[in-house]
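Chain letters run A, B, ... following the sequence lines, proteins first, then strands; residues in each count from 1.
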Number of protein chains: 2
Amino acid sequence: MTRKPATRHATITDVADAAGVSIKTVSRVFNDEPNVRPLTRDRVVKAALDLDYHPNVAARSLAGRRSFLIGLAYENPSPNYVVDLQTGALERLKGERYRLLVLPFADVGAASGKMQAIARASGLDGIVLAPPLCDDAATVAELEACGLPYARIAPTTDGSHAPDVAMDDRAATQAVIDHLVGLGHRRIGIVRGDPSHASATARLEGYRAGLKAHGLTADPVLEAQGAYTFASGYAAGKALLALADRPTAIFASNDDMAAGVLNAAYEAGVSVPGALSVVGFDDSNIASVVWPRLTTVHQPIREMAHDATGALLALIEHQEAPPHQTMPFQLVVRGSTGPARA
Amino acid sequence: MTRKPATRHATITDVADAAGVSIKTVSRVFNDEPNVRPLTRDRVVKAALDLDYHPNVAARSLAGRRSFLIGLAYENPSPNYVVDLQTGALERLKGERYRLLVLPFADVGAASGKMQAIARASGLDGIVLAPPLCDDAATVAELEACGLPYARIAPTTDGSHAPDVAMDDRAATQAVIDHLVGLGHRRIGIVRGDPSHASATARLEGYRAGLKAHGLTADPVLEAQGAYTFASGYAAGKALLALADRPTAIFASNDDMAAGVLNAAYEAGVSVPGALSVVGFDDSNIASVVWPRLTTVHQPIREMAHDATGALLALIEHQEAPPHQTMPFQLVVRGSTGPARA
DNA sequence: TTGTACGCGTTATCAT
DNA sequence: ATGATAACGCGTACAA
């Protein structure tokens, strides 16, 4: 077993010496700055290659006053959602000098008011806020106050000057109701999302508005409370199916809960979509993994995370953000919905 | 709209002045070094609080020659697995000064040979390697050569001096076979995992050894190839069920594929567990979300990630790693397995 | 127990 | 187009 030689890594000075230029010129080359002759550039590049030189991140951060680190803050119980989020952000960062720090929180309370401290402790250049943090007034106010650049993914509330990439949850949910009513359903239940997520409210509103648009009256009994988790969907589904006058269709405010409803239906011996139609929201991985496959609203989380990250970069580098962006939603009809029984 | 005041953050010098001490003393306080009178310490702490002082991460990294950044490298198609991995690592880091950089790779090839460059580009102090990267000879050799501290999660191969937290995949799979044979199954199929994952081989070996232990001969026809994804499991399940002399039980090398098999069974009108028993591996989120719930091997991924991260920290800070650790596995029997038909 | 002085490897300013 | 030199904010010998 050989001892690791304490090889000092090559520094910018080494490269400068080897290339016969000053360190400033090397710096220019590595920062794609103008005013360096192609020939000089080549010499520097070659010297760097020879010496296996890599700029020191810490030194760059210290001198440049920026870390090239951005955070992705979220509080979401669904692994599928989380991975989509990360993937989108990471994809945008590919090829950039920025790196991503993931910042999961157990609940909004754990993040609220501490965001600035976390950002400084980690030396972040900016933060991408995913639901429900992006809708937390305290968090937004804090970030706004301390001037840290941030962007929001799928916010449902206003009151922020930060760039964001949103989707119209309310309209999407209305489209769900249209679909179900079109299949002949009249008694439609809902499993509400975690009330601390603003999206839960938007979807509930869309549900009610959808019913109203078709001349149906919302029945409080059919509005079961969930928490965006599989277990909560299962429990809510069980309750809904135990109703004397039970619904022929259930809209779950996300896919994980819809999967729970599906399970409750199996247990109750209610066939889907024969005796019960089920709709989810998100079109996350799980929607295509359960049986029958879920009819759901496709929410382009990856793209949203991607674009929000891009907006944040623009904000950091040019102090200006692209305009507010709204993504189109799309109802994906699969096997879990069918005509209402005559 | 108020303009953000260009407030220079307080530095260690400001705190030193305010507390009437030297910067070295402040440094001592913030690094929990001995030899500072309680009274002095209090003065420093108070001054820091007043000035809202937070140590500058970049300066610390530069002067201290370490970034307090560790990477978590993986290549895994299952969101559930990935989130468990991250959660475990993050839990261990809670309260420490270290931060986590996630490093997902599209495939081992994308990581192989580039790990060192990535580490230097991001200024990592160390890396946690998850499957299948932890079993990639090139990656391990590279890390070994450049002397970057690393730890491995659930490795299936040897040839590394790094600490690791493993599980006996082979024995676990044998236990699966024991369970199935105990239920009267004789014709047992397998959906193999992605061959680039060493775990796929270990599980295949366990499968074969399990059969042999019960005097059963392995039938190549029953060894379908999968890739650890839902879709691959679905395809493999379909193929297995289309066999003239089809299996009465199928062991899928991970839960995602087991869910795929379940879907294939539904489509083929084969009832589970009535006409077909299905077993997964991992006990990831999806195992409890499909119907029927999957009998599977519980792999404590979070704990493994947690402990491997801890081992890495020990390696970084004390140049010595805790001994190799093996986690116990556990067969979780749920609804997807039942007695073989007479 | 406390302080001084230097170095870490860059970026940035201002010459040239 | 290029270079000299001063920050950047902190850790660390070494001294007191």
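- The distance between atom CG of A:D17 and atom C1' of C:dG9, rounded to the nearest whole Å, is 14 Å.
- Protein chain A contacts DNA chain D over a range whose 5' and 3' limits, counting nucleotides with an atom under 4.0 angstrom from a non-hydrogen atom, are D:dA1 to D:dG9.
- At a cut-off of 3.5 Å, with distance as the only test, no side-chain donor of B:Y81 or B:Q299 sits close to an acceptor on the other residue.
- One cannot find a donor-acceptor pair under 3.5 Å joining the base of C:dT2 and the side-chain atoms of B:R37.
- For B:T25, a side-chain nitrogen or oxygen approaches OP1 or OP2 of C:dG3 to under 4.0 Å.
- If you check every strand for non-hydrogen atoms under 4.0 Å, B:N56 touches sugar and phosphate atoms only.
- Here the C1' atom of nucleotide C:dT10 and the CZ atom of A:F68 are 12 Å apart, to the nearest Å.
- If you look at A:F30 and A:Y53, their ring centroids are closer than 6.0 Å.
- Toward the 5' end of DNA chain C, the nearer of the two residues A:K24 and B:A63, judged by each one's closest nucleotide, is B:A63.
- Applying the salt bridge (Lys or Arg N to Asp or Glu O under 4.0 Å) test to B:R92 and every residue at least two apart in sequence or in another chain returns B:E96.
- Between the CD1 atom of B:I12 and the P atom of C:dA5 there is a distance of 16 Å, rounded to whole Å.
- For B:I23 and C:dG7, the CD1 to P distance is 15 Å, given to the nearest whole Å.
- The residue A:P34 sits apart from the nucleic acid: no heavy atom pair falls under 4.0 Å.
- Rounded to whole Å, the distance from CZ on B:R65 to P on C:dT10 is 13 Å.
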Requested in this report: Go through the steps to decide whether B:R97 and B:N31 satisfy the test side chain to side chain donor-acceptor pair (under 3.5 Å), and finish with yes or no.
Outcome: CA-CA 11 Å; B:R97 243 166 67 184; B:N31 289 303; 3.2 Å; yes
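- The distance between atom CZ of A:F30 and atom P of C:dG9, rounded to the nearest whole Å, is 15 Å.
- In terms of the salt bridge (Lys or Arg N to Asp or Glu O under 4.0 Å) criterion, B:D125 has no residue partners (sequence neighbours excluded).
- Residue B:T40 is classed as a sugar-phosphate contact, given heavy-atom separations below 4.0 Å to backbone atoms only.
- Atom CG in B:L39 sits roughly 13 Å away from atom C1' in C:dT1 (whole-Å rounding).
- Residue contacts shown for A:Y53 are limited to sugar-phosphate atoms, with no base heavy atom under 4.0 Å away.
- A:H197 and A:D135 are not linked by any side-chain donor-acceptor pair at a separation below 3.5 angstrom, with hydrogens and angles left out of the test.
- Among the atoms of the strands shown, only primed sugar atoms or phosphate atoms (P, OP1, OP2) are found under 4.0 Å from some heavy atom of B:V21.
- Along DNA chain D, the nucleotide closest to B:R60 and the one closest to B:R28 are compared, and the more 5′ of them pairs with B:R60.
- Donor-acceptor pairing under 3.5 Å is recorded for the side chains of B:Q325 and B:D307.
- Both B:G20 and B:G64 lie near DNA chain C, and the one whose nearest nucleotide falls closer to the 5' end is B:G20.
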